[in-house]
Amino acid sequence: MSYSFKGRVRYSEIGEDGCLTLPGIQNYYQDCCTFQSENIGQGMKALEERQRAWVLSSWQIVVNRYPGLGETIVASTAPYGFKGFLGMRNFTLKTEDGELLSYANSIWTNIDTKTGLPARLTDEDTRGYELDEKLEMDYAPRKIALPEGMEAQESFAIQKHHLDTHHHVNNCQYIRMGADYLPEGFEIRQMRAEYKKQALLGDVFYPAVKLEMGKVTVALSAENGEPYAIVEFMSA
């Protein structure tokens with residue numbers, strides 16, 4: 001069963017063009033699944049008591065249209081599968097009239113916060129979630145292949161404002177960082193992200209970027225070249 005909440009595009013959520021940004025859409029999606037979990041008794045406090053956390057492994061977000069300032073929007077989400085230590089979840093963003101603005105697929109890993117390792121799902125972990133039909137969309141692979149010829153960029157350190165309640169870099173922050181390398185006028189129509197390693201305060205990112213026709217790939221890596229996250233942006 002899906003869960004929805006209604007919002008209105010705020011000035012604080014728009015970009016230079018006056019429309020909701022891609023990170024803004026991602027935040028609506030993240031808030032939507034968080035609200036659902038809180039409503040069914042699987043929220044932050046319940047997970048903390050069980051020493052568990054859901055960590056995002058991958059995103060695929062498609063955007064048909066970015067809503068403008070003041071538009072009323074409805075974010076919806078539903079899990080469609082659990083397997084091993086993974087949970088799969090779809091999202092949509094629509095207008096009040098039902099126009100499909102954006103849709104997404106996501107894969108999450110259930111983590112034992114004592115060990116930092118994936119934990120096989122139990123009935124307690126999935127209690128209250130009702131599975132829905134898998135959204136009809138063109139599902140991309142979870143893993144993103146790094147293209148050849150990526151160009152190194154200036155390194156930077158993780159700051160306090162990048163962190164979330166788990167004390168590591170929030171998944172949306174990687175997208176904001178990656179988007180800084182997009183060429184002027186690049187309009188994102190699909191974003192894929194693969195999260196490979198949790199980044200903490202003081203870690204240093206060594207970005208590498210590859211610009212191709214209609215596609216930009218950004219690897220945010222450690223000094224040894226091991227990626228924390230890979231983000232792929234595609235234009236119309």
Side-chain angles (χ1 to χ4, degrees), residues 10-17 20-31 33-34 44 47-48 51-61 104 106-118 142-186 188 190-212 215-235:
R10 303 168 179 86
Y11 182 80
S12 58
E13 298 171 328
I14 62 174
E16 293 178 278
D17 61 356
L20 184 65
T21 62
L22 177 66
I25 292 174
Q26 189 177 358
N27 281 332
Y28 272 98
Y29 288 160
Q30 182 169 256
D31 290 342
C33 65
T34 300
M44 288 176 53
L47 292 179
E48 287 174 5
Q51 296 181 306
R52 292 290 186 270
W54 284 104
V55 175
L56 194 62
S57 295
S58 68
W59 265 123
Q60 180 189 1
I61 299 177
S106 61
I107 300 175
W108 304 72
T109 301
N110 189 47
I111 296 292
D112 182 331
T113 57
K114 292 179 297 183
T115 64
L117 298 174
R142 179 174 66 85
K143 293 186 175 296
I144 301 174
L146 289 176
E148 296 183 359
M150 298 190 75
E151 296 185 4
Q153 307 293 316
E154 185 177 352
S155 63
F156 61 90
I158 297 306
Q159 306 296 321
K160 288 182 179 179
H161 66 268
H162 294 130
L163 307 181
D164 61 17
T165 56
H166 299 300
H167 311 296
H168 59 65
V169 175
N170 182 266
N171 67 81
C172 190
Q173 293 287 350
Y174 293 95
I175 311 310
R176 294 180 184 275
M177 295 172 189
D180 284 340
Y181 300 100
L182 294 176
E184 192 70 28
F186 189 97
I188 305 165
Q190 176 172 276
M191 184 278 297
R192 296 170 60 208
E194 180 188 357
Y195 301 94
K196 301 175 77 69
K197 179 183 176 182
Q198 296 179 20
L200 306 174
L201 181 65
D203 285 348
V204 178
F205 280 179
Y206 292 79
V209 180
K210 179 62 178 290
L211 276 64
E212 301 173 87
K215 183 170 75 170
V216 177
T217 307
V218 181
L220 300 167
S221 305
E223 188 174 12
N224 64 3
E226 182 181 352
Y228 288 94
I230 303 169
V231 187
E232 177 192 87
F233 302 96
M234 298 185 70
S235 63

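In what follows, every heavy atom counts, from backbone to side chain, and hydrogens, waters and symmetry copies are set aside.
- Separating the CG atom in Asn27 from the CG atom in Leu20 is a distance of 9.0 Å, to the nearest 0.5 Å.
- Note: Gln60 CD to Met191 CE = 9.5 Å, rounded to the nearest 0.5 Å.
- The shortest distance between side-chain heavy atoms of Lys210 and Val216 does not fall below 4.5 Å.
- The side-chain heavy atoms of Leu200 and His167, taken from C-beta on, include no pair separated by under 4.5 Å.
- Under a 3.5 Å cut-off, the side chain of Arg192 and the backbone N or O of Lys143 do form a donor-acceptor pair.
- Side-chain atoms of Thr113 come within 3.5 Å of backbone N or O of Gln51 as a donor-acceptor pair.
- Taking the side chain as every heavy atom from C-beta outward, Ile188 and Met234 never approach each other to under 4.5 Å.
- For Tyr206, there are no ring-ring contact (aromatic ring centres under 6.0 Å, His included) partners at least two apart in sequence or on another chain.
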Could you go through Trp108 and Ser58, starting from their C-alpha distance and side-chain angles, then the distance that decides it, and tell me whether this counts as side chain to side chain contact (heavy atoms under 4.5 Å, CB included)?
CA-CA 7 Å; Trp108 304 72; Ser58 68; over 6 Å; no
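- Atom CG of residue Leu182 and atom OG of residue Ser235 lie 9.5 Å apart, to the nearest 0.5 angstrom.
- Closest heavy-atom contact between Tyr11 and Ile14: O-CG1, 3.1 Å.
- Between Ser106 and Leu56 the shortest side-chain heavy-atom distance falls below 4.5 Å.
- What you find for Gly178 and Val218 is that their closest heavy atoms are O-CG2, 3.7 Å.
- With contacts defined as side-chain heavy-atom distances shorter than 4.5 Å, the pair Trp54/Ile111 does not qualify.
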In residues 147-160, what donor-acceptor pairs under 3.5 Å come from side-chain atoms, sequence neighbours left out?
from	atom 1	to	atom 2	distance (Å)
Gln153	NE2	Glu151	O	3.2
Gln159	NE2	Ala157	O	3.3

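- When side chains are defined from C-beta on, Phe233 does not count as touching Lys215, because their heavy atoms never get closer than 4.5 Å.
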Which atom pairs, donor and acceptor, lie under 3.5 Å between side-chain atoms of residues 219-231 and protein residues at least two apart or in another chain?
from	atom 1	to	atom 2	distance (Å)
Asn224	OD1	Glu226	N	2.9

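- Here the closest non-hydrogen pair linking Val169 and Leu163 is N-CD2, 3.9 Å.
- Contacts of Glu13 classified as salt bridge (Lys or Arg N to Asp or Glu O under 4.0 Å), with partners at least two apart in sequence or in another chain: Arg10.
- Taken from OG in Ser57 to CD1 in Ile107, the straight-line distance is 7.0 Å, to the nearest 0.5 Å.
- Atom CD1 of Ile61 and atom CD1 of Ile175 lie 7.0 Å apart (nearest 0.5 Å).
- Screening residues 169-183 for side chain to side chain donor-acceptor pair (under 3.5 Å) gives Gln26-Asn171, Gln30-Asn171, Trp59-Asn171, Asp164-Asn170 as the qualifying pairs, with residues at least two apart or on separate chains.
- Put simply, the side chain of Asp31 never gets that close to the backbone of Tyr28: no donor and acceptor are under 3.5 Å apart.
- A heavy-atom distance below 4.5 Å is not found between the side chains of Asn110 and Pro118.
- The side-chain contact (heavy atoms from CB on, under 4.5 Å) search around Thr21 returns Pro23, not counting sequence neighbours.
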